Q: 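I am attaching a structure below and will ask some questions about it afterwards.
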Amino acid sequence: MRVTTRDVQRFKAQGERFPMLTAYDFPTARLVEEAGVPVILVGDSLGMVVLGHASTIPVTMEVMLHHTTAVVRGTERAMVVADMPFLSYNLSGEQALGNAGRFLQEAGAQAVKLEGGVRVAETVRRVTEAGVPVMGHIGLTPQAVNQFGGYRVQGKTEAEALALMDDAVALQQAGAFCVVLELVPDNLAKSVTERLAVPTVGIGAGPHCDGQVQVIHDLLGFGASYIPKHARRYADVAEVVRGAVSRYAGEVREGRFPDEV
Ligand code: KIV
């Protein structure tokens with residue numbers, strides 16, 4: 001049985017901090033689940049860390065479905081949350097519901113995540129009422145990077161902080177089972193976490209959120225040219241890959257690989 005939205009809400013009720021991590025393919029998803037992570041996000045960050053785009057904006061529904069399907073195949077117990085890509089939920093409630101449904105029906109995800117607060121609350125209501133669990137995402141919402149003018153901390157002024165609180169409450173009222181807070185000052189993340197009955201999941205939002213989420217490439221030191229300040233590197237996979245590949249290449253050149261059969 002997979003982790004459900006009720007389990008995620010129970011984490012908060014029982015004061016249990018929980019990890020969430022991105023994965024974009026079958027073997028990584030399998031390893032992340034084996035390591036005990038209960039919620040896996042197929043983030044549209046894959047556009048940047050896997051596909052090499054400068055932002056998440058070029059990511060399409062087809063790309064997200066493709067990667068979500070692989071992550072679902074690599075897992076048995078984790079909840080798989082699929083990110084709804086840029087403009088896949090903003091045109092109308094029908095469009096949002098149709099696309100959200102594809103993640104459950106075609107890719108086998110258990111929930112979707114979409115960016116925005118008050119402005120998407122009606123969409124969240126529409127999608128959740130149809131039976132698709134929704135994770136909200138406010139603060140720095142990367143799909144709006146061109147509007148923000150960069151990846152900056154949000155909610156620093158009193159007016160911004162009040163607006164962010166309104167966004168969080170609107171998402172909860174619309175039925176979101178969980179809310180991601182990205183690049184939000186610690187004290188604001190703490191207030192939102194205390195105010196909401198549903199869990200908050202922080203990224204660059206300090207230690208007071210109910211859960212934490214990170215992009216796995218940042219954690220593993222795998223290929224990312226830019227590591228955000230809030231990330232902590234737990235491994236140097238780039239060095240492991242470089243070392244192994246250059247040993248292989250050297251052995252081929254020197255005639256030491258393969259062995260005689
Ligand atoms: O796309 C993503 O990986 C995300 C997380 C950073 C929250 O949205």
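By convention here, the first residue in the shown sequence is residue 1. The structure displayed is predicted, hence computed values, not measured ones. Side chains are part of it too, since the values below use all heavy atoms of this structure and drop only hydrogens, waters and symmetry mates. Every number for a ligand or one of its atoms is a count from 1 in the order of the listing.
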Q: Applying a heavy-atom cut-off of 4.0 Å, say which part of T22 lies close to ligand 1: side chain, backbone, both or neither.
A: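 Answer for T22: side chain.
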Q: Atom 4 (C) of ligand 1: which protein heavy atom is closest, and how many Å away?
A: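 Answer, as residue, atom name and distance: L41 CD2, 3.6 Å.
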Q: For the pair F222 and H217, name the ring-plane relationship: parallel under 30°, tilted 30 to 60°, perpendicular over 60°.
A: parallel
Q: If we only count heavy atoms from C-beta on, is the K156 to L188 side-chain gap below 4.5 Å?
A: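 SC-SC contact between K156 and L188 ruled out.
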Q: Taking 4.0 angstrom as the limit, do E16 and R10 come out as a salt bridge?
A: no
Q: State plainly whether one hydrophobic cluster holds both V39 and L46, where clusters connect Ile, Leu, Val, Met, Phe, Trp and Tyr through side-chain heavy atoms under 4.5 angstrom apart.
A: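 Different clusters: V39 never reaches L46 through Ile, Leu, Val, Met, Phe, Trp or Tyr contacts under 4.5 Å.
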Q: Are E194 and K190 close enough for a salt bridge, meaning some N to O gap below 4.0 Å?
A: yes
Q: Quick check on the hydrophobic clustering: are I216 and V50 connected, directly or via other members, by side-chain heavy-atom contacts under 4.5 Å?
A: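 Yes, same cluster.
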Q: May I ask you to identify the nearest protein heavy atom to atom 3 (O) of ligand 1, giving residue, atom name and distance to one decimal place in Å?
A: S45 OG, 2.5 Å
Q: Tell me the protein heavy atom at minimum distance from atom 8 (O) of ligand 1, and give that distance in Å.
A: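 The answer is K113 NZ, 2.9 Å.
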Q: Run the numbers for me: atoms of ligand 1, each under 4.0 Å from some heavy atom of D44, listed by number.
A: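 Every atom of ligand 1 under 4.0 Å from some heavy atom of D44: 1 (O).
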Q: So, the side chain of Q172 versus the backbone of A197: is there a donor-acceptor pair under 3.5 Å, distance only?
A: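 Checking the backbone N and O of A197 against the side chain of Q172, a donor-acceptor pair under 3.5 Å is found.
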Q: Which atoms of ligand 1 sit under 4.0 Å from any heavy atom of G43?
A: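 Those of ligand 1 that fall under 4.0 Å from G43 are 1 (O), 2 (C), 3 (O).
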Q: For atom 6 (C) of ligand 1, what is the nearest protein heavy atom, given as residue, atom name and distance?
A: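 Sorting protein heavy atoms by distance from atom 6 (C) of ligand 1 puts I203 CD1, 3.5 Å first.
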Q: Looking only at heavy atoms, is any part of T56 under 4.0 Å from ligand 1, and if so is it the side chain, the backbone, or both, or is it neither?
A: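 Near ligand 1, T56 shows nothing, with every heavy atom at 4.0 Å or more.
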Q: Within ligand 1, which atoms have a heavy atom of H137 less than 4.0 Å away?
A: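 The atoms of ligand 1 under 4.0 Å from a heavy atom of H137 are 7 (C), 8 (O).
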